[in-house]
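Below, read A as the first sequence line, B as the second, and so on, with proteins coming before strands; counting in each chain starts at 1.
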Amino acid sequence: MHIGHARGAVFGDALAALLEWVGFDVTREYYINDAGAQVDVLARSVHLRYREALGEAIGDIPEGLYPGDYLQPVGANLAQQDGDKWQNLPEEQWLPHFRAFAIDAMMDMIRDDLAGLGVVHAVFTSERALVEAGKVDEGLAHLDAMGLIYEGVLEPPKGKLPDDWESRPQTLFKAAEFGDDVDRPLKKSDGSWTYFATDIAYHWDKYRRGFDTLIDVWGADHGGYVKRMQAAVRAVSGGNAVLDVKLCQMVNLLKGGQPFRMSKRAGTFVTLRDLVEQVGKDVVRFIMLTRKNDAQLDFDLDKVLEQSRDNPVFYVQYAHARIFSVLRHAQAQELLPDLHDNLDFLSKAALSRLTDSAELTLIRMLAEWPRQVDSAAEANEPHRVAFYLYELAACFHALWNKGKDEAQLRFLIEGDREVSLARLALIRAVALVIGSGLSIFGVTPVEEMR
RNA sequence: GUCCCGGUAGCUCAGCUGGAUAGAGCAACGGUUUCCUAAACCGUAGGCCGCGUGUUCGAAUCACGCUCGGGACACCA
């Protein structure tokens with residue numbers, strides 16, 4: 001997975017958590033694009049690496065194959081497992097085997113990457129399995145029975161024509177009847193299904209499994225497919241299911257404010273795994289959620305590790321840690337019975353002792369929390385939670401700093417147990433809200449910063 | 001040519017299911033602080049919210065047109 005994929009994964013996971021938070025029953029699914037020509041290319045690329053592992057000089061990776069060196073170990077594993085039995089056979093004999101092996105290896109890598117990010121899916125659906133189980137035929141027969149499939153000729157696209165454009169009859173779905181601009185092809189010229197056809201099968205299957213609100217997370221470069229997919233879901237569900245598609249824009253990797261040019265030759269290529277190892281999953285997740293999903297995101301490798309106000313992860317975590325620092329002091333002074341299990345105890349505090357303007361500001365911020373989560377969930381926009389948490393942290397830090405100048409505003413006042421407990425209740429509530437927000441993000445709140 | 005996304009302070013962006021003087025961070029400027037509970041803090045300035053028309057008691061927010069930037073437009077993943 002690359003960094004852009006990670007954004008989609010984190011966004012989808014956080015959106016799911018957000019919806020769960022407000023009471024929806026959510027299932028996280030991963031759709032595996034393991035059919036189609038691309039997988040054959042993958043298999044051929046692995047075969048090349050396999051021959052390489054057996055000692056062949058393969059030279060440069062030929063045009064049309066995947067050059068990534070992440071395929072080297074895959075080829076090497078095959079060589080170790082199977083020896084040279086596939087080395088000199090014609091392609092049709094080794095292709096299925098290599099395809100299956102390569103897909104498994106890729107999915108292992110993807111699952112690893114997802115696990116590293118803390119993203120867990122309940123359902124993985126293989127496109128190939130759908131095809132082999134006849135689900136595509138079923139789904140399209142369903143559409144056909146409704147008279148929504150026909151053989152027809154599409155108008156060439158306006159504007160720049162593809163070089164190899166040829167006008168010919170195709171198997172088309174009447175997408176235009178369901179809100180799309182034109183009807184859409186279901187079969188390729190070689191007779192196999194288009195992605196659209198298998199995608200219909202997947203969504204239909206999902207609908208039949210009982211889901212009526214479907215949310216897809218795609219890269220923004222697939223934006224052109226939204227209408228047709230929504231049209232298909234509308235058609236296939238008889239209007240009973242709604243598909244919403246969230247497009248995630250690209251992530252710009254920066255270092256010190258400058259675009260970070262990734263180059264394998266210069267050894268500056270950063271995989272998702274590198275990134276997670278370098279800055280931690282919590283930082284990656286939080287930063288990915290600080291922008292609206294359909295806006296481009298800058299990810300600055302230096303800034304995210306900075307301990308300053310302009311690093312939102314640090315700033316929010318720092319507030320949480322500071323609060324626990326105070327709680328630890330309170331416990332040491334025997335004001336608090338327990339560091340964590342103290343909510344009931346603090347709920348009895350004399351909150352009317354909180355009268356300073358900074359304290360009241362903080363209370364107002366806290367009171368907004370339920371409304372903030374609701375509106376973030378309703379808008380499907382987890383980033384609102386990030387902005388809220390940042391603001392809440394800012395209010396807390398402001399109060400803290402005020403206590404520097406005015407000693408009577410500090411949280412723990414010697415000789416005034418009542419006001420100390422009231423303030424502990426206040427900041428404990430702040431920690432509770434920050435903890436809740438971070439847990440929606442899948443970020444672990446820290447109680448101490450080394 | 002069509003469709004989608006975007007244009008808000010010098011920079012990066014919130015706000016957009018209409019509501020009071022449009023917000024934050026950075027940068028700039030002016031101060032305070034080197035104390036303590038933990039990596040400073042306070043203040044100032046800075047905006048025809050891309051342009052225009054419309055709807056409305058009221059528009060950054062909604063509609064239409066224009067403009068600029070990005071992306072997508074048979075079969076491709």
Side-chain angles (χ1 to χ4, degrees), chain A residues 31-42 66 127 152-162 164-172 179-199 218-228 245 247-250 252 254 257 290-298 300 303 306-312 314-315 318-319 321-330 332 374-375 378-379 381 383-384 386-388 390-391 393-395 397-405 407 409-412 427 448-450:
Chain A
Y31 182 63
I32 310 168
N33 278 129
D34 56 358
Q38 143 218 343
V39 190
D40 291 343
V41 173
L42 176 68
Y66 298 133
E127 179 187 4
V153 179
L154 283 179
E155 294 283 310
K158 307 272 185 185
K160 59 174 169 86
L161 260 188
D164 54 348
W165 167 266
E166 49 170 333
S167 188
R168 58 177 180 77
Q170 298 186 92
T171 305
L172 300 172
D180 199 359
D181 305 317
V182 292
D183 294 340
R184 301 294 181 177
L186 299 167
K187 270 188 184 174
K188 298 189 227 170
S189 48
D190 68 358
S192 62
W193 298 118
T194 60
Y195 271 88
F196 183 46
T198 50
D199 288 346
W218 299 354
D221 52 339
H222 293 81
Y225 286 76
V226 173
K227 278 190 181 179
R228 81 185 61 173
V245 180
L247 300 177
C248 284
Q249 269 291 356
M250 55 185 294
N252 300 314
L254 305 178
T290 52
R291 287 282 177 274
K292 222 183 305 184
N293 57 293
D294 55 6
Q296 291 195 15
L297 168 77
D298 290 340
D300 193 310
K303 190 174 267 184
E306 233 173 64
Q307 300 196 329
S308 73
R309 186 165 185 165
D310 50 324
N311 176 3
F314 166 76
Y315 201 58
Y318 183 31
R322 262 186 164 171
I323 290 167
F324 269 83
S325 169
V326 177
L327 296 180
R328 280 191 295 273
H329 277 275
D374 280 355
S375 66
E378 200 170 347
E381 291 182 349
H383 77 278
R384 296 191 190 196
F387 280 89
Y388 170 80
Y390 183 82
E391 258 186 83
C395 286
H397 287 305
L399 177 58
W400 173 291
N401 288 318
K402 215 170 167 184
K404 284 185 164 185
D405 295 336
L409 281 180
R410 293 188 173 201
F411 300 117
L412 304 181
I427 63 172
E448 207 171 356
M449 311 200 73
R450 296 184 300 101

Quiz item: So, does A:D34 use its side chain to make a donor-acceptor pair with the main chain of A:E127 at under 3.5 Å?
Solution: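 Such a contact is found between A:D34 side chain and A:E127 backbone.
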Quiz prompt | Side chain A:H397, main chain A:Y315, donor-acceptor under 3.5 Å | solution =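 Checked: pair present.
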Can you identify which nucleotide, out of [options], has its nearest atom closest to the [X] side chain?
X	options	result
A:Y318	B:C3, B:C75, B:A39	B:A39
A:R291	B:A14, B:C75, B:C5	B:A14
A:A295	B:U37, B:A38, B:A14	B:A14

Mind checking if [X] touches a base, just sugar-phosphate, or nothing, with heavy atoms under 4.0 Å?
X	answer
A:S167	nothing
A:F387	sugar-phosphate
A:S189	sugar-phosphate
A:Y225	base
A:Q170	sugar-phosphate
A:K227	sugar-phosphate
A:A37	sugar-phosphate

Side-chain N or O of [X] closer than 4.0 Å to phosphate OP1/OP2 of [N]:
X	N	result
A:R328	B:U37	no
A:H397	B:U37	no
A:K188	B:C76	yes
A:R384	B:A24	no

Practice problem: Kindly compute the distance separating NZ (A:K188) from OH (A:Y195), expressed to the nearest 0.5 Å. | Solution: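 Reported value, rounded in 0.5 Å steps: 6.0 Å.
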Between [M] and [N], how far apart are the [atom1] atoms? Round to whole Å, please.
N	M	atom1	value
B:C49	B:A22	C1'	8 Å
B:C16	B:A60	C1'	7 Å
B:C36	B:A20	P	45 Å
B:G52	B:C42	P	38 Å
B:G10	B:C48	P	8 Å
B:A24	B:U44	P	11 Å
B:U8	B:G15	C1'	9 Å
B:G50	B:C41	C1'	37 Å

Protein-nucleotide distance ([X], atom [atom1]; [N], atom [atom2]), rounded to Å:
X	N	atom1	atom2	result
A:Y315	B:A40	OH	P	11 Å
A:M250	B:G71	CE	P	9 Å
A:N401	B:G43	CG	P	11 Å

Quiz item: Could you go step by step and tell me if A:F196 and A:K187 meet the side-chain contact (heavy atoms from CB on, under 4.5 Å) rule?
Solution: CA-CA 9 Å; A:F196 183 46; A:K187 270 188 184 174; over 6 Å; no
Self-check item: Base-pairing assignment for B:G52 (Watson-Crick or G-U wobble, both under 3.5 Å)
Solution: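 Pairing partner, where one exists within any strand: B:C64.
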Self-check item: B:U32 pairs with, by Watson-Crick or G-U criteria that keep both distances under 3.5 Å
Solution: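 In the structure as shown, B:U32 has B:A40 as its Watson-Crick or wobble partner.
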Quiz prompt | Whichever of A:E378 and A:G403 has its nearest RNA chain B nucleotide further upstream toward 5' | solution =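 It is A:E378, whose closest nucleotide lies nearer the 5' terminus.
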Self-check item: Residue whose closest nucleotide on RNA chain B lies nearer the 5' end, A:D298 versus A:K303
Solution: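 Its nucleotide being nearer the 5' end, the pick is A:D298.
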Quiz item: Parallel under 30°, tilted from 30 to 60°, perpendicular over 60°: which one fits the rings of A:H222 and A:Y225?
Solution: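 Correct class here is tilted.
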Exercise. Find out whether A:D199 and A:T194 are in side-chain contact, i.e. whether some heavy atom of one side chain is under 4.5 Å from a heavy atom of the other.
Key: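 No - every pair of side-chain heavy atoms lies 4.5 Å or more apart.
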